[in-house]
Amino acid sequence: MERLGEKIAVVASFGLRERFRPVKFMWSSKVVQVKDVTYAWTEMKGQAKVYHFSVTDGCTVYEISFNASAIAWTLEGVEA
């Protein structure tokens, strides 16, 4: 997996069954539609809770994260 650490803009869905999940995000002037969340986990970075998502658009796997303290999304890595 190529590690990136780039800030991204994300559209997320908040529902009853799932706390929240990414729906699509903008990366390199391209909108990536999330077809499936393949894995999700959380970790603490200092005082911040960080939510990680492994997502796919059907062709590529992306790891994105949401830092709840900073209210910021990051594209952590990409695997084609």
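Along the sequence shown, residues carry numbers from 1.
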Inset, instruction - Kindly give the heavy-atom pair with the smallest separation between Ala48 and Asn67, and that separation in Å. - result: CB-OD1, 3.6 Å

Inset, instruction - Kindly compute the distance separating OG1 (Thr74) from CD (Glu63), expressed to the nearest 0.5 Å. - result: 10.0 Å

Legend entry - Linked, directly or transitively: Val37 and Val78 (ILVMFWY side chains, under 4.5 Å): yes

Inset, instruction - Would you please classify the geometry between the Phe20 ring and the Tyr51 ring as parallel, tilted or perpendicular, with 30° and 60° separating the classes? - result: perpendicular

Legend entry - Short side-chain to backbone donor-acceptor contact, Thr38 and Ser54, under 3.5 Å: yes

Legend entry - Hphob cluster co-occupancy, Val61 + Leu4, side-chain heavy atoms under 4.5 angstrom: no

Inset, instruction - Step by step, work out the side-chain contact (heavy atoms from CB on, under 4.5 Å) result for His52 and Ile64. - result: CA-CA 6 Å; His52 292 268; Ile64 63 176; over 6 Å; no

Legend entry - Reported OG-to-CD distance for the pair Ser65 and Glu43, which is rounded to 0.5 angstrom: 8.0 Å

Legend entry - Side chain proximity check, Phe53 to Val34, heavy atoms < 4.5 angstrom: no

Inset, instruction - Run the numbers on Glu79 and Glu2 for side-chain contact (heavy atoms from CB on, under 4.5 Å), then give the verdict. - result: CA-CA 6 Å; Glu79 186 171 322; Glu2 179 184 353; over 6 Å; no

Legend entry - Closest heavy-atom pair and its distance - Val23, Gln33: O-NE2, 3.7 Å

Inset, instruction - Tell me whether the centres of the aromatic rings in Tyr39 and Trp41 are closer together than 6.0 Å. - result: yes

Inset, instruction - Test side-chain contact (heavy atoms from CB on, under 4.5 Å) on Val10 and Phe66 and set out the steps. - result: CA-CA 9 Å; Val10 176; Phe66 176 71; over 6 Å; no

Inset, instruction - Give the minimum heavy-atom separation between Lys7 and Ala72, together with the two atoms involved. - result: NZ-CB, 4.4 Å

Inset, instruction - Is it possible for you to say whether Trp73 and Met44 belong to one hydrophobic cluster, with membership spreading through side-chain heavy-atom contacts below 4.5 Å? - result: no

